[in-house]
2 protein chains.
Amino acid sequence: MALADPTRRRIVEMLGEGALAAGEITARFEVSAPAISQHLKVLKAAGLVTVEVSGQRRIYRLDPAGLDAFEAWVRQVRGFWHASLGRLEQELANPEKDEGVV
Amino acid sequence: MALADPTRRRIVEMLGEGALAAGEITARFEVSAPAISQHLKVLKAAGLVTVEVSGQRRIYRLDPAGLDAFEAWVRQVRGFWHASLGRLEQELANPEKDEGVV
DNA sequence: TTTGCATTGACTTAATTAAGTGGATAAAGA
DNA sequence: TCTTTATCCACTTAATTAAGTCAATGCAAA
């Protein structure tokens, strides 16, 4: 699950504030550049983010469609209309049948 | 010309002592890893070195055939049997018709 | 129960590709 | 003769791919 990892959730939160280049995301963490690159790959494969190539840079943005799908999943699983990453944390700590979601 | 650059000539000299991984070559210079990678690419395209992939490493070695061709070129240009990199330096400082060689 | 083994996932290191910069050189026109 | 313009070429930064480590998890056999 793309959002099962706390680092990836933090990336999604960051992108919620606005688009960022891969290097800007890396700078906000203490792990290596390849580690972030790999997380971004997972998020992209899950349809949660998009990339725009801008010269040497790769600009990452949240993908509204992917977030919609994610929100729908949260509604289904929890019965809430407004998902918070805090509650999601609880959910993910006790995974039942989350297969194939986002 | 692959051997026109002093960095590349130093790489060839180093490999004369024995095979080295790309990273070991990089460590012996003060330029970035991509810069060395690019030099190695030129040397490989010129047939002067070979690469062996060994797990995560790329082992670079002199290619005897390429060196033979180079030696033949030096003989032709200078009329000497034993080329020295020092004399080559002189030659390359005043290039006349070195096209297509090595 | 427990032991052993295969799988998964986040991470690192090694190396490269891609894109852009800056300096030197050469050719061409005023 | 200048000057300008174009082209190389070595280099850097940005980002990635590939390969391997390590710890946690799951699970089947003893």
Practice task
Give the rounded distance in Å between these two atoms: CZ of R10(A) and C1' of dA10(C).
Solution key: 15 Å
Handout entry: OP1 or OP2 of dC11(C) under 4.0 Å from side-chain N/O of S32(A)
Key = no
Could you list the donor-acceptor pairs under 3.5 angstrom formed by side chains in residues 22-45 of chain A, with sequence neighbours left out?
{"from": "E24(A)", "atom 1": "OE1", "to": "A21(A)", "atom 2": "N", "distance (Å)": "2.8"}
{"from": "T26(A)", "atom 1": "OG1", "to": "A22(A)", "atom 2": "O", "distance (Å)": "3.1"}
{"from": "R28(A)", "atom 1": "NH1", "to": "E24(A)", "atom 2": "O", "distance (Å)": "3.1"}
{"from": "S32(A)", "atom 1": "OG", "to": "A35(A)", "atom 2": "N", "distance (Å)": "3.4"}
{"from": "H39(A)", "atom 1": "ND1", "to": "R8(A)", "atom 2": "NH1", "distance (Å)": "3.0"}

Fill in the blank from the handout: Taking for L40(B) and for G55(A) the nucleotide of DNA chain C with the nearest heavy atom, the one nearer the 5' end belongs to L40(B)
Handout entry: Atom pair CZ (R10(A)) and CG (D5(A)), whose distance is rounded to the nearest 0.5 Å
Key = 10.5 Å
Exercise for the section: Could you check L67(A), D63(A), T50(A), L62(A) and say which one makes a side-chain contact (heavy atoms from CB on, under 4.5 Å) with L15(A)? Expected result: L62(A)
Handout entry: Side-chain ion pair, E52(B) and R61(B), N-O less than 4.0 Å
Key = yes
Handout entry: Closest to side chain of Q56(B), choosing from dG20(D), dT16(D), dC11(C)
Key = dG20(D)
Handout entry: Nearest-angstrom distance from the residue atom CG of L43(A) to P of dA10(C)
Key = 11 Å
Fill in the blank from the handout: Of the candidates dA15(C), dT16(C), dA10(D), the side chain of H39(B) sits closest to dA10(D)
Handout entry: 5'-most by nearest nucleotide on DNA chain D - V51(A) or S54(B)
Key = V51(A)
Problem - Residue R8(A), side-chain atoms from C-beta onward, closest of dT12(D), dA15(D), dA10(C) - result: dA10(C)
Practice task
With heavy atoms under 4.0 Å as the rule, sort A35(A) into base, sugar-phosphate or nothing.
Solution key: base
Exercise for the section: Using the closest heavy atom to pick a nucleotide of DNA chain D for each, name whichever of V42(B) or V53(B) lands nearer the 5' end. Expected result: V42(B)
Handout entry: For atom CZ of R58(A) and atom P of dA19(C), their distance in whole Å
Key = 7 Å
Exercise for the section: Check every atom of dT17(D), dT17(C), dA15(C) against the side chain of K41(A) and return the nucleotide holding the closest atom. Expected result: dT17(D)
Fill in the blank from the handout: Of the listed dA14(D), dA10(D), dT13(C), the closest approach to the P34(A) side chain comes from dT13(C)
Handout entry: Value in whole Å for how far the P atom of dG20(D) lies from CD of Q38(A)
Key = 15 Å
Exercise for the section: Please state how far atom CD1 in I36(B) lies from atom P in dT13(D), giving the value in whole angstrom units. Expected result: 14 Å
Exercise for the section: For A22(A), report the nucleic acid contact type (base, sugar-phosphate, nothing); a contact means any heavy atom under 4.0 Å. Expected result: sugar-phosphate
Practice task
Calculate the interatomic distance between E52(A) atom CD and dA14(D) atom C1'; express it in whole Å.
Solution key: 15 Å
Problem - Distance below 4.0 Å between Y60(A) side-chain N/O and dT16(D) OP1 or OP2 - result: yes
Exercise for the section: Nearest whole angstrom, please: distance from the C1' of dT21(D) to the CZ of R57(B). Expected result: 14 Å
Practice task
Please state how far atom CD1 in I11(B) lies from atom C1' in dC11(D), giving the value in whole angstrom units.
Solution key: 13 Å
Completion exercise
What one should report as the nearest heavy-atom pair of I59(B) and S54(B) is CG1-CB, 4.1 Å
Completion exercise
Of dT16(D), dC11(D), dA14(D), the nucleotide closest to the side chain of T7(B) is dC11(D)
Exercise for the section: Treat each ILVMFWY residue as a node, draw an edge where side-chain heavy atoms are under 4.5 Å apart, and state whether V49(B) and V51(B) are in one component. Expected result: yes
